Amino acid sequence: MRHSSLGQPMSGTSRRTVLRGLSGAALLGAGVPLLSACAGSGSGTDSKTVTVGSNASDAVPKKAYGDVYAAFTKRSGIKVDLNIKDHGTFQEQINSYLQGTPDDVFQWFAGYRMQFFAGKGLASPIDDVWKTIGGNFPSAMHDLSKGQDGKYYMVPLTTSPWAVFYRKSVFRQYGYEVPTTWDAYVALCKQMKKDGLVPIAFGDKDAWPAMGSFDQINFRLNGYDFHVELMAGKASWTDAKVRKTFDTWAETLPYHQEGAVGRTWQDAAQTLVAKKAGMYMLGMFVAQQFTDKADLDDLDFFAFPEIDPAYGQDTVEAPTDGIMLSKKPKNHAGSVKLLEFLGTPEAEEIYLKADPSLIAASTKADTSTYSTLQKKGYDMIAQAKHLTQFMDRDSRPDFTSTVMQPALQKFVRDPKDIDSLLSSIERQKKTIFASS
Amino acid sequence: MSIDILTKSPEAAAEPPRGVPSKKRVPQGHRRLLTRRDRLTLGLMAGVPTILHVALVWVTALASIALAFTTWDGIGFDSIKWVGLQNFRELFDSNPQFWPAVQHNIIWFVVLILIPTPFGLLLAVQLDKNIRFSRVYQTAFFLPVVVSLAVTGFVWQLVYNPDTGLINSLIGANKPGHYIDWIGDPNLNLWAVLVAACWRHTGYMMILYLAGLKGVDPSLREASSLDGANEWQTFKNVIFPTLRPTNTVVLVVTIIEALRAFDLVFVFNKGAQGTELLSILVTNNIIGESSRIGYGSAIAVVLLVISLAVIIPYLISTFRKERSA
């Protein structure tokens, strides 16, 4: 017993050791070979194979991507060697993965998250690919695929919008109308509460859903440009505009589902499924929780209501996923061919056939097989003047995860004392954005 | 036996033996006992673990301390920037989660020492009386210790889930208006997790005390009963004082448990509002796609300093005792 009690303090140290190892530990050099050991099977050296680092570990996207790569092999004769990692693990390790010996191409997210690795020289520009595929994409997608140096770094594949979801039958039953302005939205909340419904379903246990609420209110109230500046760390969080965003948000907090910080988004979605909640502001993936076909057909959504008429509903939050080229691909020519294929409408159609919860990034892809929900989402994105990605994709992830997530949880739980919260955010933001 | 080889610094031992192979020299004294091969084997046996230990424990710990004075996003060595004490200044002044985390680690310790420790002792004393089904009880109480804390966290999450969990479903506290948010409410969630932690810690303490009690000389009990002491008096004046070494172990184990508390909370609510812990702040800052390794290391260093402040006095007093014995 004495021995084990002495052995224990080591485990505190060794936990940090492991963490350090995971997070790149280039110091030891141990983390990198470990990670590269699981990257690819080593057969990627011949020119007939392209290796792909994939985070599509869930069944549906795994099959969908598999179909797309199979179609590419059939067409070009180039083999695709897949290296699939758990979705969350892939994200946590991306840093050391890209610094080690990554696969030729890898799946990733658009926005600041893509630009960050491009700026660090961990991805190759693919302007030549865009010369071929450029015509397949609307201008908003062009902007999303560029790094801060103006070069293209990503081929976007799928996207899906954030909006306010509701059940048609509930709106019919109570005679509600879709609100297009903030006042109508608040009035609807009041009415729903009177009718015994939870007006707005909400779960922020995973700490990211509240970021979506902030984004919507901020770009409706202050416009796309200010939102981008704020996310880039240029505008100040103590600006009166930000204060107004929080005040506006606080106005609806009494109509949000109680105890949000202890609830996952899935549990919150279940209250919408069960018709106990009237509305739910979330991404289109909320449809995954509607497992019954009849319930899914009953699901509908509307764009987040207008707050300032100067901006209307011109901005849509539409996180986009795509593929990037690593810094030193072993098979450059083959990778370019694969990326060009992924930029075609056919590739997107093959993907969406197996995963109908998303929308093609290309406007040329065939929409005839889309569900009503997909079509509506497609129109919303196509008509948008600006697309945003999501707070943790539009801003520095170290800032959003260590500062914004706890700060927004604090606000949601206790919306008093906004000023001190905002000055605390601003103080922490300054040191993080100054660090590199 | 050749003590000098064993006490040689392991790195030196790992080196190929020098100057031995000349055949002319007749091996003398204890050297004869070890062939070249023996020495090589011994060298490897002592050297490889030492190198691993130094590389994986000491180098990383020292690197962590060095990194605490830098900012680094983990990409390439050229992005490491020396910032002196800035990480610590920022930590103490402007991180809204730091002081709550320190406070919660302390609460964790106080609760573990005040509730499960005496309770574990009570259970151990009862089980030591060789009551019927003693082994069944022992297993039942010890079971939570065997289960991984991550699993424990998951199970308790099912109990505490505010919408569909056991407690709220039973008492009907999952309706709007009278809603108890066990996981999200900062006035409740730390205590909710602590119940789970205590549930596990009791079994641990019980086993430690049981081992201590088994070591108590039966003649002591006999003597005290001959002197006419009742059960409580025997325990208080005879048995408990002999458990002194066990109490020291219990104290150290509990301090360590409080400092390394992590898994349960991470599974429960990732250290959100009300359950911040130092270990979780370290993780949140270091793990991820663009990490703040310098800042995270600074928190780790604070944790290390607290651990050392507790462990060093313990080690000193233990070694002093051994030397005087």
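Protein chains get the first letters and strands the later ones, always in sequence-line order, with residue 1 at the start of each. Note that the structure is a prediction, hence the values are computed from the model and not measured.
Remark: B:Lys214 NZ is packed, more than 12 non-hydrogen atoms of other residues, nucleotides or ligands lying under 6.0 Å away. With a 6.0 Å radius and a threshold of 12 heavy atoms from other residues, nucleotides or ligands, A:Lys275 has its NZ atom above the threshold. Annotation for B:Phe154: atom CZ does not count as buried by contact number, only 12 or fewer foreign heavy atoms lying within 6.0 Å. Taking a 6.0 Å sphere around NZ of A:Lys327, one finds it holds more than 12 heavy atoms contributed by other residues, nucleotides or ligands.
In this structure, chain B has no heavy atom under 4.5 Å from any part of A:Asp204. With a 4.5 angstrom heavy-atom cutoff, B:Asp93 touches chain A only via backbone atoms. Neither the backbone nor the side chain of A:Leu98 comes within less than 4.5 Å of any heavy atom in chain B. Only the side chain of B:Gln86 has a heavy atom closer than 4.5 Å to any heavy atom of chain A. Both the backbone and the side chain of B:Asn269 come within less than 4.5 Å of a heavy atom of chain A. Proximity to chain A (any heavy atom under 4.5 Å) is restricted, for B:Phe268, to the backbone atoms N, CA, C and O.
Across B:Pro96 and A:Gln428, no two heavy atoms sit closer than the pair CD-NE2, 3.1 Å. Taking each heavy atom of B:Asn285 and A:Thr402 in turn, the nearest pair found is OD1-CG2, 3.2 Å. Of all heavy-atom pairs between B:Ile183 and A:Lys205, the closest is CG2-CE, 3.6 Å.
For residues 411-425 of chain A, heavy-atom neighbours of chain B at less than 4.5 Å comprise A:Arg413, A:Ser424, sorted by residue number.
A side-chain donor-acceptor contact under 3.5 Å links B:Gln273 to the backbone of A:Pro406.
When only modelled atom types and interatomic distance are considered, B:Glu90 and A:Thr431 share a side-chain donor-acceptor pair under 3.5 Å.
Residue A:Arg263 forms a side chain to side chain contact (heavy atoms under 4.5 Å, CB included) with just one option from B:Asn161, B:Asp163, B:Asp181, and that option is B:Asp163.
Considering only heavy atoms from C-beta on, A:Asn95 comes within 4.5 Å of B:Ser291 through its side chain. Under the 4.5 Å side-chain criterion, counting only non-hydrogen atoms from C-beta, B:Lys270 is in contact with A:Asp206.
Here A:Lys410 is the residue among A:Gln257, A:Gln405, A:Lys410 with the most heavy-atom pairs under 4.5 Å with chain B.
Between A:Lys429 atom NZ and B:Ser94 atom OG the span is 13.5 Å, to the nearest 0.5 Å. In this structure, CG on A:Asp398 lies 8.0 Å from CG on B:Asp73, to the nearest 0.5 angstrom.
Remark: A:Lys194 engages no residue in a salt bridge (Lys or Arg N to Asp or Glu O under 4.0 Å) (not counting sequence neighbours).
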